[in-house]
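Note sheet for the following structure.
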Amino acid sequence: MCGELRAGDAGRQVVLMGWVNRRRDHGNLIFLDLRDRSGIAQVVLDHDLTPEGHAKGEQVRPEYVVAAVGKVRLRDQDAINPKMPTGEIEIEATEIRVLNDTRLAPFSPAEEAIQNEEVRLKYRYVDLRREEMQRNFRLRHQITLAIRESLSQQGFLEIETPILTKSTPEGARDFLVPSRIHPGEFYALPQSPQIFKQILMISGFDRYFQIARCFRDEDLRADRQLEFTQIDLEISFPRRETVFGVVEQFMQAAFAAAGVTLSIPFPRITYDEAMRRYGTDKPDPRLPGLTGVRAAFTDADLAALQIDPALPVVALRIPNVGELSRKQREENHPLFDLKKGAKFIDDFKRLAKGFPEAAVKVRELAGASDADFVIVVAGDPAHPIKASDTKFEGRLSEREINVYAAAGNFRSELAKKYADRHGAFRVTEETVAAAHARGPQDTVDGSRAFHPIWLTDFPMFEYDLASGKWVPAHHPFTAPYEADMANLTSDPASVRADCYDLAMNGLELGSGSIRIHRKDVQQQIFSSLGISDEEARARFGFFLDALEYGTPPHGGIALGLDRIVMLLAGAANLREVIAFPKTAKAIDLMAGAPTTVTEQQLRELHIRVARRE
RNA sequence: GGGGACGUAGCUCAGUUUGGUUAGAGCGCUGCCCUGUCACGGCAGAGGUCGCGGGUUCGAGCCCCGUCGUCCCCGCCA
């Protein structure tokens with residue numbers, strides 16, 4: 001292979017096959033950089049040594065596929081290229097064969113990624129030739145392999161579940177597949193293997209896992225694709241600790257495969273605490289959290305500032321942003337989500353004029369230096385949100401959560417925008433770069449760059465104002481805390497779920513729970529959700545049946561493989577670690593999917609399209 | 001469904017503020033020259049539906065309306 005040749009190979013007769021990365025024509029001497037999966041080697045075509053080879057070399061263009069026959073030789077001392085792994089040698093070619101020519105590609109894979117992602121995706125096969133993409137997929141392979149091996153060693157069995165199946169109880173829209181054999185009936189693509197893995201527990205496979213493709217027909221985001229891959233697992237007779245331990249093990253192995261040392265166990269935080277400190281259930285501790293600054297203001301201050309005194313008053317701080325002009329601050333305003341019933345104060349000069357003591361105290365409480373940018377976020381009495389005011393001992397109310405969420409959102413948007421100034425994300429970038437440079441044999445410490453956090457104690461229900469009902473915050477097989485069971489009907493908001501999320505650097509990596517394994521409990525949950533027996537039977541009938549046949553206590557989790565790879569690749573979106581991804585509008589620009597189909601196909605499927613532009 | 005950014009040569013971008021002759025640059029591409037380059041170098045050249053449609057105007061890359069595409073976010077989604 002091109003990239004593997006070293007000084008020790010000098011004298012070897014070789015045949016190299018690959019793509020022409022670059023060509024440097026010096027007249028009677030031509031250099032071809034030949035590229036394959038392993039890297040790049042320099043091939044020399046000397047007119048004196050091989051006139052025919054040289055003549056062919058003149059015809060060759062970048063991205064031609066060629067075979068070079070020749071001898072590996074050491075370069076002269078002054079011709080050594082220290083920037084290339086193969087820089088000490090070159091191939092003295094005696095023969096060259098053009099295996100294939102090429103149309104001129106719209107961009108060169110020898111260079112950095114072009115800005116135009118539309119073109120990259122359309123010519124994905126060219127884009128994937130780039131070194132960065134080759135590295136991302138090698139990394140993905142290594143991570144997947146490490147996870148499989150870790151789980152296998154921990155006693156898990158990989159079992160496949162159906163792709164053509166019945167709608168599963170996750171909240172997302174299903175992809176439907178019409179049945180030819182059964183007119184008017186449809187399969188659904190799995191949103192996750194949730195029900196099947198629980199049935200596998202009932203079936204006695206006490207430790208199951210699957211690197212499973214999942215499908216959800218929802219709008220896409222930088223970290224969301226229509227189809228994505230989960231590391232899905234389930235355990236019989238578990239405690240929550242069992243699940244945490246298993247995940248920590250394979251996460252450590254996965255990161256090690258990427259050359260990063262991850263220390264375990266991972267820290268934990270409750271949902272309420274995460275909202276208080278970060279304003280989100282996917283905390284990013286690389287930057288300072290939120291600080292409660294209610295104490296900095298007198299009641300009169302709050303009244304004058306038109307701030308709701310009953311709601312949290314918090315400061316968010318982005319280090320080292322420096323002073324922002326009024327125009328710069330105004331450009332940030334659209335980043336603030338006004339729909340959360342909160343407002344913000346980002347003009348500290350003005351605040352200091354009207355409320356000098358408060359301004360000083362806020363910065364002091366937030367631990368801000370002069371260069372740090374501080375914003376106060378608080379409840380806006382002029383624009384209260386519609387929310388349930390139900391509040392339970394020690395728990396956050398919905399209005400409170402919304403103020404924290406507004407602050408947390410603003411914090412993460414500003415953190416993204418001013419990444420160059422605060423430098424907190426650079427730690428991760430540098431760690432990723434170092435890991436890639438050193439390879440998995442020699443790992444780098446990821447403790448400052450990667451921050452895994454377990455989140456626990458989520459509320460079991462959310463109040464849905466539209467329907468006036470309590471709806472499950474998770475899928476309806478999530479077990480409530482036993483201690484909270486008594487409140488199930490009287491105080492649904494106070495019930496906590498025995499479920500957990502794993503977050504890292506502001507991304508949700510996965511979530512899981514201990515499941516309900518008893519039919520009576522399941523029925524209670526359904527009834528508290530206002531799901532009738534009939535409805536439950538229609539939606540999950542076969543599963544409820546299965547529950548009656550000796551279901552062991554069980555629980556598990558599913559983690560997003562794509563997101564893990566994305567973090568370890570240092571990529572900004574999932575498309576960088578998925579070979580053939582879809583655009584934000586759910587289109588495959590290379591394949592051209594989706595498309596219309598022939599009338600014949602529709603007829604066979606008993607489908608008539610109602611309207612088509 | 002909503003908000004925002006972007007759309008000019010194959011690619012990266014300037015030109016849009018203040019409408020005015022033939023729309024520019026770098027890279028890439030084509031041809032010629034070059035024996036130690038490695039982002040090779042030199043000379044010459046080709047390459048444009050200014051995303052698309054409509055409007056205003058004597059005149060539109062530039063102003064207005066609509067529309068399409070890509071990206072980010074909200075809604076939606078574990």
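Naming convention: chains lettered A, B, ... in sequence-line order (proteins, then strands); numbering from 1 in each chain. Quantities reported herein were computed from a predicted structural model and do not represent experimental measurements.
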For residues Thr280(A) and Tyr404(A), determine if any side-chain heavy atom of one lies less than 4.5 Å from a side-chain heavy atom of the other. no

For residues 559-580 of chain A, the ring-ring contact (aromatic ring centres under 6.0 Å, His included) pairs (sequence neighbours left out) are none

Taking NZ, NE, NH1 and NH2 as the nitrogens, is one of them in Arg213(A) or Glu227(A) under 4.0 Å from a carboxylate oxygen of the other? yes

Anything under 3.5 Å between a donor and an acceptor, one on a side chain of residues 100-115 of chain A, the other on a protein residue two or more places apart or in another chain? List them.
unit_1    : atom_1 : unit_2    : atom_2 : d
Ser108(A) : OG     : Ala110(A) : N      : 3.0

Would you say rG31(B) has OP1 or OP2 under 4.0 Å from some side-chain N or O of Arg61(A)? yes

Please work out if Ala79(A) contacts a base, only the sugar-phosphate, or nothing of the nucleic acid, heavy-atom cut-off 4.0 Å. base

Inspect the contact between Arg124(A) and Asp127(A) and indicate whether a charged nitrogen and a carboxylate oxygen are less than 4.0 angstrom apart. yes

Could you tell me the separation between the NE2 atom of His47(A) and the C1' atom of rG36(B), rounded to a whole number of Å? 17 Å

Among rG69(B), rG75(B), rA78(B), which nucleotide sits nearest the side chain of Asp219(A)? rG75(B)

If the P atom of rA14(B) is compared with that of rG53(B), how far apart are they to the nearest Å? 24 Å

By the Watson-Crick or G-U definition, both distances under 3.5 Å, rU67(B) is matched with rG51(B)

Measuring to OP1 and OP2 of rU37(B), would you say a side-chain N or O of Gln42(A) lies under 4.0 angstrom away? no

Base, sugar-phosphate, or nothing: which does Arg23(A) touch, judged by heavy atoms less than 4.0 Å apart? nothing

From rC77(B), rC73(B), rC38(B), nucleotide with atom closest to Arg221(A) side chain: rC73(B)

For the P atoms, the ones on rG75(B) and on rU18(B), what distance do you get once it is rounded to whole angstrom? 38 Å

So, is Thr583(A) close to the rU70(B) phosphate, meaning a side-chain N or O under 4.0 Å from OP1 or OP2? yes

Euclidean distance, atom CG of residue Leu220(A) to atom C1' of rU70(B) [Å, nearest integer]: 13 Å

Are any side-chain N or O atoms of Arg129(A) and backbone N or O atoms of Trp19(A), one a donor and one an acceptor, separated by less than 3.5 Å? no

At less than 3.5 Å, do the side-chain atoms of Arg22(A) and the base atoms of rU37(B) form a donor-acceptor pair? no

Regarding Arg75(A), tell me which of base, sugar-phosphate or nothing describes its non-hydrogen contacts under 4.0 Å with the strands shown. base

Would one find a side-chain N or O of Arg575(A) under 4.0 angstrom from OP1 or OP2 of rC72(B)? yes

Just call it for Glu90(A): base, sugar-phosphate, or nothing, with non-hydrogen atoms closer than 4.0 Å on any strand. base

Stacking of His26(A) on rU37(B) base (centres under 5.5 Å, planes under 30°): no

Re rC62(B): Watson-Crick or G-U wobble partner, both distances kept under 3.5 Å, found to be none

Please state the C1' separation for the pair rC32(B) and rC71(B) - nearest whole angstrom. 43 Å

Using atom P in both nucleotides, what's the gap between rG42(B) and rC27(B) to the nearest angstrom? 9 Å

Using the P atom on both, measure rG26(B) against rG66(B) and round to a whole Å. 39 Å

Base rG7(B) paired with Glu118(A) side chain (donor-acceptor, <3.5 Å): no

Indicate for each nucleotide in nucleotides 8-13 of chain B, in 5' to 3' sequence, whether protein heavy atoms under 4.0 Å reach the base (B), only the sugar-phosphate (S), or nothing (-). --SSSS

Counting only heavy atoms from other residues, nucleotides and ligands, does the tally under 6.0 Å from NZ of Lys582(A) exceed 12? yes

I'd like the C1' distance from rG47(B) over to rA23(B), given in whole Å. 14 Å

Side-chain N or O of Arg24(A) closer than 4.0 Å to phosphate OP1/OP2 of rC40(B): yes

Which heavy atom of Val43(A) sits nearest a heavy atom of Ala93(A), and at what distance? CG1-CB, 3.7 Å

Heavy-atom pair with the smallest gap, counting every atom of Asp346(A) and Arg329(A): O-CD, 3.2 Å

Can you see if the side chain of Lys122(A) gets near the phosphate of rG69(B) - specifically, an N or O under 4.0 Å from OP1 or OP2? no

Within the structure shown, what part of the strands sits under 4.0 Å from Asn21(A) by heavy-atom distance: base, sugar-phosphate, or nothing? nothing

At under 4.0 Å between heavy atoms, what does Arg73(A) touch on the DNA or RNA strands: base, sugar-phosphate, or nothing? base

For rA39(B), the nucleotide meeting Watson-Crick or G-U wobble distances (both under 3.5 Å) is none

